[in-house]
Amino acid sequence: MNGDPITDSGLWFRVEASSTASAVRRAAERLGAQLEMAPARIADLAIVAAELTSNLVKHADEGVLLLRPVRRGGEAGVELVAIDSGPGMADLTVSSQDGHSTTGTLGIGLGAIVRQASSFDGYSLPGRGTVLAVQVWPAAPPRPSWAGALTRPLTGETVSGDGYAVRVVEGRHQVLVSDGLGHGPLAAAATEAALAAFRDAPASPPAAVVSHLHRSMSHTRGAALAVAELVPEEGVLHYAGLGNIAGMVVEGGGQRRGLVSLPGIAGHQRPTVRGYDYPFGPGALLVMHSDGVVDRWRLTDYPDIAGHSPLVVAATLLRDAGTRRDDACVLAARSWT
């Protein structure tokens, strides 16, 4: 397994002891080589991976780290997401500066990450924990993404039946969240079929895209799924879904508006597919997730988090609302204007 390519779904590590640091560093170096990064940039990536892991060991409760490739505009880089459940940092900006330490060390950990990384974003709330999202690109980083998401398999499984995809086709900014029926490889295969069909689907509104996915998945066990299209210049969001995918528009003040998904399983029977339109004004945020995430979360519990990247928002919700008894996927997206 150590020689296998690291897929786009990435590798999750439980970080409970300092010995994990070497495993994370080796995996990061292997991924850098897989993406044909220059040796000097792989060395930078190794520093970032080691320092993130060290930070989790020193400061975190129940720390985990996700390592995965990230692709945008024909380029490929490496993304690392470090998540812990406490105790959190009182001031992440201060903690990211060289010389700051709460453990009696030289205080160069987060500062080294910021220096070596192409992009860095983090959110910390005392008593709740910290999320750090870091990207390392071979050269200049591309423009920050308007959408971010991550998946986590059911405890004991090596693959997740949940998945997501993001695309811009003929000016349409669309996202997909899919929950393959059941768990394990067959559920993952259903979601992979949905993702592949989504990437190749015609540039059509979400309801037509969902119908296309349904027709393309008849050879699988099927999936609950939903497609959203963000049109911020018109202040609207188009949405269509089948089954138990939760979708919410969160307004600037934190108010949530639920989005309608109709009963059905994509790939099975003849489900009714219908599109709905919702207001999507300035400062609005789209959040979609599978039923492996309980929907009682409120962004108002996280002061100022709406100003952070969609990935940091998604990772924070996965940490606090995700259940270990099911595959889980969270996606967040916002206006890019």
Side-chain angles (χ1 to χ4, degrees), residues 9 147 149-157 159-166 174-198 201 206-218 220-229 237-250 256-278 285-299 313-315 317-333:
S9 59
L150 63 173
T151 63
R152 184 182 66 197
L154 166 74
T155 299
E157 292 284 357
V159 295
S160 175
D162 292 357
Y164 69 91
V166 178
Q174 296 183 336
V175 296
L176 162 72
V177 170
S178 173
D179 181 352
L181 201 63
H183 307 290
L186 292 180
T191 281
E192 284 299 323
L195 270 55
F198 176 75
V209 174
V210 169
S211 295
H212 172 81
L213 302 186
H214 167 67
R215 293 190 297 269
S216 302
M217 296 173 59
S218 60
T220 74
R221 61 168 55 180
L225 54 79
V227 173
E229 179 177 334
L237 180 138
H238 307 301
Y239 189 85
L242 290 174
N244 199 13
I245 299 294
M248 274 78 65
V249 170
V250 185
R256 300 194 335 175
R257 179 194 298 269
L259 311 182
V260 174
S261 283
L262 298 178
I265 301 172
H268 284 258
Q269 304 167 350
R270 293 185 179 179
T272 299
V273 180
R274 184 177 301 132
Y276 298 87
D277 296 341
Y278 300 91
L285 181 74
L286 168 68
V287 177
M288 298 167 62
H289 58 75
S290 67
D291 62 359
V293 177
V294 296
D295 63 2
R296 293 189 297 272
W297 54 267
R298 298 178 303 175
L299 280 195
V313 174
L317 294 179
L318 179 67
R319 179 194 66 197
D320 292 348
T323 171
R324 294 287 183 179
R325 299 183 301 277
D326 199 356
D327 299 327
C329 175
V330 185
L331 178 144

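Contact of the D327 side chain with the P153 side chain is registered, since non-hydrogen atoms from C-beta on lie closer than 4.5 Å. In this structure, the side chains of L285 and V249 stay at 4.5 Å or more apart for every pair of heavy atoms. Side-chain contact between Y278 and L259 is present, with at least one heavy-atom pair separated by less than 4.5 Å. Considering only heavy atoms from C-beta on, V294 stays 4.5 Å or farther from T323 through its side chain. Residues L299 and V313 form a side-chain contact, since some pair of their non-hydrogen atoms from C-beta on lies under 4.5 Å apart. You'll find the side chain of E229 stays beyond 4.5 Å of the side chain of V175, heavy atoms only.
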**side chain to side chain contact (heavy atoms under 4.5 Å, CB included) between L262 and V260, worked out** = CA-CA 6 Å; L262 298 178; V260 174; 4.2 Å; yes
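T191 places a side-chain N or O within 3.5 Å of a backbone atom of G161 that can act as its donor or acceptor partner. Counting only distance, with no hydrogens or angles, the side chain of S211 and the backbone of A207 share a donor-acceptor pair below 3.5 Å.
One finds the CE atom of M288 at 7.5 Å from the OG atom of S261 (value rounded to the nearest 0.5 Å). Between atom CG of residue L286 and atom CE of residue M248 there is a gap of 9.0 Å, rounded to the nearest 0.5 Å. Rounded to the nearest 0.5 angstrom, H268 NE2 and L181 CG are separated by 7.0 Å. We find the CG-CG distance between N244 and D295 to be 8.5 Å, quoted to the nearest 0.5 Å. Note that OG1 of T151 and CG of L318 are 8.5 Å apart. Values are rounded to the nearest 0.5 Å. To the nearest 0.5 Å, atoms CZ (F198) and CD (Q174) are separated by 5.0 Å.
Nearest approach of W297 to H289, heavy atoms of both residues: NE1-NE2, 3.2 Å. The minimum heavy-atom distance linking L225 with A266 is given by the pair CD2-CB, 3.5 Å. The shortest non-hydrogen separation linking L195 to S178 is CD1-CB, 4.3 Å. Smallest separation of non-hydrogen atoms from L242 and P263: CD2-O, 3.9 Å. For the residue pair C329 and V293, the shortest heavy atom distance occurs at O-CG2, 4.0 Å. Of all heavy-atom pairs between A314 and A149, the closest is CB-CA, 4.3 Å.
Screening L331, L213, V166 for a side chain to side chain contact (heavy atoms under 4.5 Å, CB included) with L176, the sole residue that qualifies is L213.
The closest side-chain donor-acceptor pair between D162 and S290 falls under 3.5 angstrom.
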